[in-house]
Amino acid sequence: MEDYKYNFALLIDDNEIDNFINKKLLQKTRFSQEIKDVTSGLKALEYLKENAATPDRLPDIIFLDIMMPVMDGFEFLEEFDKLTNEVKNKPRIIMLSSTESFKDLNRANSNKYVYKFLNKPLTEPALAAIR
């Protein structure tokens, strides 16, 4: 684990191709040892709730797409806020967007759970800048 930046990353994006590409990038850069990807905020919340009592099954970092059907990234954050402190306090959340919307950027940056806002697609330099 010592040569990985994070032990466990969770990718939340309705676009399976984006998830596939991001997963490959995280593997290639040794950013995360284990990577789980889901295609909706609802599936991510289910996973977090199911694993709430098992801290090592909770992600250290979450990459969250903003624009998704059914539940967008901001709606996910509203539901995330209702989870237990054990779940909420573990991951860093990185919001991803394919738009250059200042409204989204400001909204993401004002959310206490959002560590960083990045434009899609993920890049090696962007990953390298994450502490």
Side-chain angles (χ1 to χ4, degrees):
M1 151 78 199
E2 62 208 49
D3 48 359
Y4 287 92
K5 199 170 210 174
Y6 289 92
N7 187 43
F8 184 18
L10 176 62
L11 301 172
I12 308 170
D13 196 321
D14 62 305
N15 186 323
E16 291 183 24
I17 294 167
D18 284 352
N19 271 341
F20 178 81
I21 292 168
N22 288 340
K23 191 173 193 175
K24 290 294 179 201
L25 182 64
L26 295 181
Q27 290 168 335
K28 177 182 164 228
T29 58
R30 299 180 73 75
F31 187 85
S32 182
Q33 187 170 17
E34 184 179 347
I35 304 152
K36 177 171 181 58
D37 59 293
V38 294
T39 53
S40 75
L42 290 172
K43 288 179 185 169
L45 288 167
E46 279 174 27
Y47 177 84
L48 294 171
K49 288 175 188 172
E50 287 168 7
N51 292 281
T54 317
D56 64 327
R57 297 303 312 140
L58 294 173
D60 302 301
I61 191 160
I62 295 173
F63 291 91
L64 174 63
D65 185 30
I66 291 179
M67 301 293 277
M68 295 184 289
V70 185
M71 174 184 280
D72 69 22
F74 293 111
E75 291 166 325
F76 169 86
L77 290 170
E78 288 172 24
E79 294 303 310
F80 181 83
D81 187 48
K82 299 173 186 173
L83 299 174
T84 65
N85 285 335
E86 291 76 22
V87 175
K88 292 189 296 192
N89 293 336
K90 185 165 185 196
R92 286 190 161 165
I93 297 178
I94 311 289
M95 286 201 93
L96 301 175
S97 178
S98 52
T99 66
E100 297 272 339
S101 164
F102 284 109
K103 183 178 165 215
D104 285 346
L105 174 62
N106 290 335
R107 194 170 167 200
N109 286 333
S110 68
N111 187 291
K112 64 182 173 184
Y113 299 113
V114 176
Y115 175 71
K116 208 175 219 11
F117 179 95
L118 297 175
N119 288 316
K120 289 166 89 174
L122 273 179
T123 62
E124 285 191 44
L127 287 178
I130 297 170
R131 303 262 171 255

| remark: Taken to the nearest 0.5 Å, the spacing of Asn22 CG from Thr123 OG1 works out to 10.0 Å
| field | Working for salt bridge (Lys or Arg N to Asp or Glu O under 4.0 Å), residues Lys82 and Glu79 | value | CA-CA 5 Å; Lys82 299 173 186 173; Glu79 294 303 310; 3.0 Å; yes
| field | side-chain contact (heavy atoms from CB on, under 4.5 Å) partner of Leu122, chosen from Ile130, Thr29, Leu25, Ile21 | value | Leu25
| request: Indicate the atoms forming the closest heavy-atom contact of Pro59 with Pro91, along with that distance. | output: O-CB, 3.4 Å
| said: I need the minimum non-hydrogen distance between Lys5 and Leu127, along with the two atoms involved. | reply: NZ-O, 3.2 Å
| What is the distance from atom CG of Asn111 to atom CG of Asn109, rounded to the nearest 0.5 Å? | 9.5 Å
| said: Tell me if a side-chain donor or acceptor on Asn15 pairs with a main-chain N or O of Asp18 at a distance below 3.5 Å. | reply: yes
| task | For the residue pair Thr39 and Asp13, establish whether any side-chain heavy-atom pair is separated by less than 4.5 Å. | result | no
| said: One pair to check against side chain to side chain contact (heavy atoms under 4.5 Å, CB included): Lys116 and Leu118. What are the steps and the verdict? | reply: CA-CA 7 Å; Lys116 208 175 219 11; Leu118 297 175; 4.2 Å; yes
| Quick one: do Leu45 and Val87 end up in the same hydrophobic cluster if we chain Ile, Leu, Val, Met, Phe, Trp and Tyr together by side-chain heavy atoms under 4.5 Å apart? | yes
| message | Same cluster or not: Ile35 versus Ile17, using hydrophobic residues (I, L, V, M, F, W, Y) connected whenever any side-chain heavy atoms lie under 4.5 Å apart? | response | no
| task | Evaluate the criterion side chain to side chain donor-acceptor pair (under 3.5 Å) for residue pair Lys88 and Thr84; output intermediate values, then yes/no. | result | CA-CA 6 Å; Lys88 292 189 296 192; Thr84 65; over 6 Å; no
| query | Do you know which two heavy atoms are closest between Asp14 and Pro69, and how far apart they sit? | reply | OD2-CD, 3.4 Å
| request: Run the ring-centre check on Phe31 versus Tyr4 and record whether the distance is less than 6.0 Å. | output: no
| query | Do Ile62 and Tyr115 belong to the same hydrophobic cluster, where Ile, Leu, Val, Met, Phe, Trp and Tyr are linked whenever their side-chain heavy atoms lie under 4.5 Å apart, directly or via other members? | reply | no
| said: I'd like to check Leu11 versus Lys23 (side-chain heavy atoms, cut-off strictly below 4.5 Å). Are they in contact? | reply: yes
| field | Ionic contact status for Lys120 with Asp65, cut-off 4.0 Å | value | yes
| Which distance, rounded to the nearest 0.5 Å, do you find between the CG of Leu77 and the CG of Leu64? | 5.5 Å
| message | Just verifying a value: how many Å separate Asp37 CG and Lys43 NZ, rounded to the nearest 0.5 Å? | response | 10.0 Å
| Shared hydrophobic cluster for Leu48 and Val38 (ILVMFWY, side-chain gaps under 4.5 Å) | yes
| request: Determine yes or no for a side-chain-to-main-chain donor-acceptor pair under 3.5 angstrom, with Ser32 supplying the side chain and Glu34 the backbone. | output: yes
| Are Tyr113 and Leu83 co-members of a hydrophobic cluster defined by side-chain heavy atoms under 4.5 Å apart? | yes
| said: So which atom in Leu26 and which in Ala9 form the shortest heavy-atom distance, rounded to 0.1 Å? | reply: CD1-CB, 4.1 Å
| field | Intermediate values then yes/no, side chain to side chain contact (heavy atoms under 4.5 Å, CB included), Phe8 and Lys36 | value | CA-CA 8 Å; Phe8 184 18; Lys36 177 171 181 58; 3.7 Å; yes
| request: Could you go through the side chain to side chain contact (heavy atoms under 4.5 Å, CB included) check for Arg131 and Arg92 one step at a time? | output: CA-CA 10 Å; Arg131 303 262 171 255; Arg92 286 190 161 165; 3.9 Å; yes
| query | Could you state the interatomic distance from CE (Met95) to CG (Asp104), rounded to the nearest 0.5 Å? | reply | 7.5 Å
| CG of Leu10 to CD1 of Ile61: how many Å apart, nearest 0.5 Å? | 10.5 Å
| said: Salt bridge check, Arg57 against Glu50: does any charged N sit closer than 4.0 Å to a carboxylate O? | reply: no
| query | Run the side chain to side chain contact (heavy atoms under 4.5 Å, CB included) check on Val114 and Arg107 step by step: do they pass? | reply | CA-CA 10 Å; Val114 176; Arg107 194 170 167 200; over 6 Å; no
| field | Other residues, nucleotides, ligands: >12 heavy atoms within 6.0 Å of Met67 CE | value | no
| query | In this structure, which one of Ile94, Ile66, Leu96, Ile93 forms a side-chain contact (heavy atoms from CB on, under 4.5 Å) with Phe117? | reply | Ile66
| field | Closest approach of Gly41 to Phe76 (non-hydrogen atoms, all atoms of both residues) | value | O-CD1, 3.6 Å
| said: Counting C-beta onward and ignoring hydrogens, is there a side-chain heavy-atom pair between Met68 and Glu75 closer than 4.5 Å? | reply: no
| field | Electrostatic pair Lys90-Asp60, nearest N-O below 4.0 angstrom | value | yes
| Closest contact, heavy atoms only, Phe74 versus Ala108 | CE2-N, 3.7 Å
